[in-house]
Undergrad: 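Dumping the structure here so I can ask a few things about it.
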Amino acid sequence: MSMRRSVVVGCGHFLPETILTNAELAKRVDTSDEWIVERTGIRERRIAGEGETTSVLATKAAQAAIADAGLVPDDIDLIVLATATPDYTFPSTATQVQAALGIRHGAAFDLQAVCSGFVYALATADNFLRAGSHKRALVIGAETFSRILDWTDRTTCVLFGDGAGALVLEAREGEGTIADRGVLSSHLRSDGRHFDKLYVDGGPSATMTTGHLRMEGKEVFRHAVTNLADIIEEAFRATGLNADDIDLFVPHQANRRIIEATARKLNIDPGKVVVTVEKHGNTSAASIPLAIASAYGEGRIKQGDLVLLEAMGGGFTWGSALIRW
Ligand code: UT7
């Protein structure tokens with residue numbers, strides 16, 4: 001039976017030029033390159049410059065993705081932008097990207113699921129395209145976490161970075177089988193009881209301030225591998241696919257130890273795992289599209305490949321998606 005699918009037709013990214021190394025961080029807070037590398041795998045991260053707001057990074061990633069798809073901005077009729085660091089409280093960063101791209105039709109909105117934002121945005125855009133209301137979607141993950149870090153708190157400021165990545169999805173008819181190109185499954189979860197394990201201590205309604213990121217890292221770590229393995233197993237059950245079918249595993253890039261433990265738990269071959277946390281740090285909603293773009297740039301993704309995505313973040317929120325490239 002024929003079935004509408006959201007097929008990835010373009011991929012792009014943008015990273016700010018400024019690199020902040022662990023050695024430079026060790027001059028600001030009581031930390032060391034050795035501790036950061038051993039506990040997280042992170043060696044450096046990018047930091048957005050003055051004027052490089054989330055919408056600026058997002059627009060550049062979007063332009064790269066549209067060009068990669070061989071399209072022009074007017075071909076896009078939906079923008080779903082995942083971010084926890086919008087330029088302004090409102091209007092949405094997505095509408096600023098829409099304006100910067102010169103698009104005057106369709107719809108653009110932000111989506112907030114912190115580090116799971118890209119998986120949530122992908123699932124949302126996929127549902128719009130499969131419902132038939134829109135034809136081509138830009139799914140963007142973009143963040144400037146450097147703006148909400150407490151640069152005196154060594155337990156968080158060494159972990160995060162800035163960047164943006166984007167995919168273009170196009171609605172196409174498939175056969176309705178797992179051999180189809182496109183998003184084959186998405187599974188999303190949340191559990192709001194865990195608010196205080198990873199949050200920002202400010203916001204327009206609660207404090208009328210922007211606030212800073214606060215995290216109980218060990219607690220987040222404790223839940224991460226179990227939640228991520230569960231949501232991936234759910235994707236396998238729903239599609240009948242398994243770890244051996246996966247060509248590329250693109251996890252959220254928070255910590256190399258979480259990535260490796262999740263891959264081990266699911267018996268995913270280490271050679272199939274994309275790891276960019278070393279160079280990007282944790283870029284929250286941008287981490288998955290940045291990792292996809294990195295693998296794509298290295299020629300690690302071919303048409304027909306099965307790509308598995310997963311993420312977990314504040315809320316807690318978590319999710320997985322299977323894409324036939
Ligand atoms: O993207 C959203 C999801 N976020 C995550 O997935 C993050 C999950 N959590 C983690 O990745 C890890 O828990 C961290 C990397 C945040 C921390 O690693 P850990 O192995 O859980 O370390 P810890 O928090 O238990 O800290 C161990 C020690 C502590 O010292 P004491 O109490 O043992 O004396 C910390 O004070 O390391 C100390 N520490 C540091 N030392 C040097 C904490 N941060 C640093 C630092 N440099 N930057």
Side-chain angles (χ1 to χ4, degrees), residues 20-45 82-85 112-121 141-146 148-163 165 188-192 194-200 212-232 250-263 265 274-278 280-291 309-320:
L20 180 63
T21 63
N22 291 348
E24 285 165 314
L25 271 169
K27 291 182 201 154
R28 297 189 192 185
V29 287
D30 181 16
T31 190
S32 65
D33 177 53
E34 194 189 5
W35 189 95
I36 302 171
V37 172
E38 191 191 306
R39 301 292 179 118
T40 71
I42 300 167
R43 291 181 188 277
E44 60 185 44
R45 69 288 290 142
T83 190
T85 45
Q112 159 63 290
V114 207
C115 297
S116 313
F118 190 78
V119 177
Y120 269 66
E143 302 282 12
T144 47
F145 259 51
S146 62
I148 56 162
L149 294 175
D150 173 352
W151 288 99
T152 64
D153 175 11
R154 69 173 183 174
T155 69
T156 53
C157 77
V158 304
L159 304 173
F160 296 90
D162 302 336
L188 308 178
R189 291 286 176 275
S190 61
D191 183 348
H194 299 285
F195 169 90
D196 58 354
K197 297 195 179 74
L198 176 48
Y199 70 108
V200 169
H212 291 109
L213 183 148
R214 306 291 173 205
M215 178 163 74
E216 287 179 41
K218 227 180 191 33
E219 278 300 300
V220 181
F221 197 119
R222 206 167 63 75
H223 286 83
V225 180
T226 312
N227 285 348
L228 292 169
D230 281 355
I231 203 78
I232 293 169
V250 188
H252 169 50
Q253 308 285 318
N255 186 318
R256 181 183 269 277
R257 284 151 61 212
I258 296 176
I259 295 171
E260 288 172 353
T262 308
K265 191 160 185 199
V274 178
V275 183
T276 53
V277 70
E278 185 177 328
H280 301 165
N282 182 346
T283 57
S284 190
S287 101
I288 289 178
L290 277 171
L309 316 181
E310 54 87 324
M312 169 169 161
F316 294 145
T317 55
W318 63 105
S320 69

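In each ligand, atom 1 is the first atom listed, and ligand 1 is the first ligand listed.
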Undergrad: Given Ser287, which of His252, Glu143, Gln253 fulfils the side chain to side chain donor-acceptor pair (under 3.5 Å) condition?
TA: His252
Undergrad: Could you tell me which atoms of ligand 1, counted from 1 in the order shown, lie closer than 4.0 angstrom to a heavy atom of Arg257?
TA: 18 (O), 20 (O)
Undergrad: With heavy-atom distances below 4.0 Å as the criterion, list the atoms of ligand 1 near Cys115.
TA: 1 (O), 2 (C)
Undergrad: Is it the case that ligand 1 has an N or O less than 3.5 angstrom from some N or O of Arg39?
TA: yes
Undergrad: Starting from atom 8 (C) of ligand 1, find the nearest protein heavy-atom neighbour and note its residue, name and distance.
TA: Gly217 O, 3.6 Å
Undergrad: Report yes if some N/O of Asn255 lies less than 3.5 Å from some N/O of ligand 1; otherwise report no.
TA: yes
Undergrad: Around atom 4 (N) of ligand 1, find the nearest protein heavy atom and jot down its residue, atom name and distance.
TA: Val220 CG1, 3.6 Å
Undergrad: So, does Leu25 sit close enough to ligand 1 that a heavy atom of it is under 4.0 Å from the ligand?
TA: no
Undergrad: For atom 48 (N) of ligand 1, what's the nearest protein heavy-atom neighbour? Residue, atom name and distance, please.
TA: Arg154 O, 2.9 Å
Undergrad: Is it true that Leu159 lies under 4.0 Å from ligand 1, counting heavy atoms only?
TA: yes
Undergrad: Considering only the protein, which heavy-atom contact is closest to atom 28 (C) of ligand 1, and what is its distance?
TA: Trp35 NE1, 4.3 Å
Undergrad: Could you tell me whether atom 34 (O) of ligand 1 has at least one protein heavy atom nearer than 4.0 Å?
TA: no
Undergrad: Does any N or O of ligand 1 fall below 3.5 Å from an N or O anywhere on Ala224, backbone included?
TA: no
Undergrad: Does the protein put any heavy atom within less than 4.0 Å of atom 13 (O) of ligand 1?
TA: yes
Undergrad: For Thr262, check side chain to side chain donor-acceptor pair (under 3.5 Å) against everything at least two apart and list the hits.
TA: none
Undergrad: Can you tell me if Asn227 and Arg222 form a side-chain donor-acceptor pair at under 3.5 Å?
TA: no
